Amino acid sequence: MTVVPHPPILAPSILAGDHANLAQSARLAADTGVSWIHLDIMDGHFVPNLTFGPQTVAALRRQSSLFFDTHLMLDEPQKYVEAFAKAGSDLISVHIEPAFDHGAALTRIRALGCQNGIVLNPDTPAESVRHLLPIVDLVLVMTVQPGFGGQAFRPAMLDKLSILDAWRKRDGLAFRLEVDGGIDLATGAACRQAGADTFVAGTSFFNSTDRSGFARTVASW
Ligand code: DX5
Ligand code: ZN
């Protein structure tokens, strides 16, 4: 089966924005022409850091029409998918590592009117999500250990991307393949070569002196 490849999407991560003025950070991103923004939700259990919850997402929803790519780094994400859907998330992704009914949570996310995604930590093999590929809109390959921005990209993740891309092509599946962690124009280009089509960039994007040029470059991949 032939599936048309997805055009590249840049999803700036607001984790690297101004947390006293998230709406302004979302505007900075939107002004470069991107259509997505990545929202990192951390619970202090699954990852050793805390960010914000559905109330903040709902407030941001009133200030931004960007596509909200919501990355739940939670031990029990199934308890919160409804709250994030109601808050205005467009896509909600959950990790494969914690023990809960992943299939049910992914189905529930779609029933709530959102796209769904499954996320793999760097040490988690591609095989662990293989059975879920037919029911997901996106697979997020973490290219750092989640919890903090500004970490170094792990080149070993390129092989995992190639494996997932090969399965996608072979089975005629249409999920997006996203990367998150240490992504800049060099590491992102390498991920694009390996099959990624959706690029989360926090530090490199918000610290860039030419954010519009950054966005144009990703769009050209
Ligand atoms: C890390 C988060 C990332 C983070 C990436 O746990 O999932 O989305 O914002 O930040 P950078 O791009 O700085 O590595
Ligand atoms: Zn993230």
Side-chain angles (χ1 to χ4, degrees), residues 9 11-30 34-121 124 128-129 132-142 144-149 175-176 178-181 198 200-202 206:
I9 283 180
S13 173
I14 212 161
L15 187 65
D18 178 356
H19 285 240
N21 201 342
L22 292 174
Q24 170 64 12
S25 296
R27 263 192 300 278
L28 279 179
V34 301
S35 54
W36 283 35
I37 190 101
H38 183 82
L39 307 178
D40 285 306
I41 312 298
M42 305 186 188
D43 66 355
H45 291 271
F46 179 65
V47 289
N49 198 4
L50 297 158
T51 54
F52 49 85
Q55 192 177 358
T56 302
V57 174
L60 199 53
R61 180 78 290 169
R62 292 191 284 275
Q63 304 281 329
S64 174
S65 56
L66 288 169
F67 183 96
F68 282 2
D69 170 26
T70 312
H71 174 192
L72 300 186
M73 283 160 274
L74 310 178
D75 263 335
E76 299 188 289
Q78 75 283 7
K79 291 187 177 174
Y80 300 97
V81 292
E82 184 164 352
F84 283 102
K86 284 193 175 142
S89 291
D90 295 290
L91 184 149
I92 299 174
S93 55
V94 297
H95 274 256
I96 190 68
E97 293 84 9
F100 62 96
D101 187 339
H102 301 94
L106 292 163
T107 302
R108 176 91 182 114
I109 291 168
R110 280 189 175 166
L112 289 163
C114 298
Q115 294 183 38
N116 67 20
I118 192 76
V119 194
L120 301 85
N121 278 343
T124 303
S128 67
V129 299
L132 297 170
L133 297 182
I135 63 158
V136 295
D137 298 301
L138 177 143
V139 175
L140 168 50
V141 171
M142 290 307 302
V144 299
Q145 190 64 27
F148 300 91
F175 59 84
R176 280 191 162 271
E178 184 175 52
V179 285
D180 181 9
T198 309
V200 178
F206 279 99

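Treat the numbers as computed from the prediction; the structure is a model and nothing was measured. These numbers come from the heavy atoms of this one structure, side chains and all, not from hydrogens, waters or symmetry mates.
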Next item on the list: Answer yes or no: does atom OH of Y80 have more than 12 heavy-atom neighbours from other residues, nucleotides or ligands under 6.0 Å?
Entry: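 Atom OH in Y80 is not crowded, with 12 or fewer foreign heavy atoms closer than 6.0 Å.
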Nearest-0.5 Å distance, [atom1] of residue [X] to [atom2] of residue [Y]:
| X | Y | atom1 | atom2 | answer |
| --- | --- | --- | --- | --- |
| N21 | R27 | CG | CZ | 6.5 Å |
| L91 | E178 | CG | CD | 7.5 Å |
| D180 | L120 | CG | CG | 12.0 Å |
| I14 | F68 | CD1 | CZ | 7.5 Å |
| I37 | S25 | CD1 | OG | 7.5 Å |
| M142 | L140 | CE | CG | 6.0 Å |

Determine yes or no for a side-chain-to-main-chain donor-acceptor pair under 3.5 angstrom, with [X] supplying the side chain and [Y] the backbone.
| X | Y | result |
| --- | --- | --- |
| H38 | A11 | no |
| R61 | S64 | yes |
| N116 | D137 | yes |
| S13 | V200 | no |

Can you give me the closest heavy-atom contact between [X] and [Y], atom names plus distance?
| X | Y | result |
| --- | --- | --- |
| S89 | T70 | OG-OG1, 2.7 Å |
| R110 | V136 | NH2-C, 3.5 Å |
| H19 | L15 | NE2-O, 3.1 Å |
| F206 | P12 | CE1-CB, 4.1 Å |
| D75 | F100 | O-CD2, 4.4 Å |
| C114 | A85 | SG-CB, 3.8 Å |

Next item on the list: Determine, stepwise, if the pair Q115 / D90 fulfils side chain to side chain contact (heavy atoms under 4.5 Å, CB included).
Entry: CA-CA 6 Å; Q115 294 183 38; D90 295 290; over 6 Å; no
Item checked: Residue pair V81, L72: steps toward the side chain to side chain contact (heavy atoms under 4.5 Å, CB included) verdict -> CA-CA 9 Å; V81 292; L72 300 186; 4.1 Å; yes
Item checked: Exercise: do H71 and H95 side chains pair donor with acceptor under 3.5 Å ->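 Short answer, yes.
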Next item on the list: For the residue pair Q78 and D101, establish whether any side-chain heavy-atom pair is separated by less than 4.5 Å.
Entry: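 They are not in side-chain contact.
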Checklist line | Q24 and D18: CA distance, side-chain angles, deciding distance, side chain to side chain contact (heavy atoms under 4.5 Å, CB included) verdict | finding: CA-CA 8 Å; Q24 170 64 12; D18 178 356; over 6 Å; no
Could you pull out every donor-acceptor pair under 3.5 Å between side chains of residues 46-59 and any protein atom, sequence neighbours left out?
from : atom 1 : to   : atom 2 : distance (Å)
N49  : ND2    : G147 : O      : 2.9
T51  : OG1    : D40  : O      : 2.7
T51  : OG1    : M42  : N      : 3.0

Note to self: I118 vs F175, test: side chain to side chain contact (heavy atoms under 4.5 Å, CB included). Steps then yes/no.
What the structure shows: CA-CA 10 Å; I118 192 76; F175 59 84; over 6 Å; no
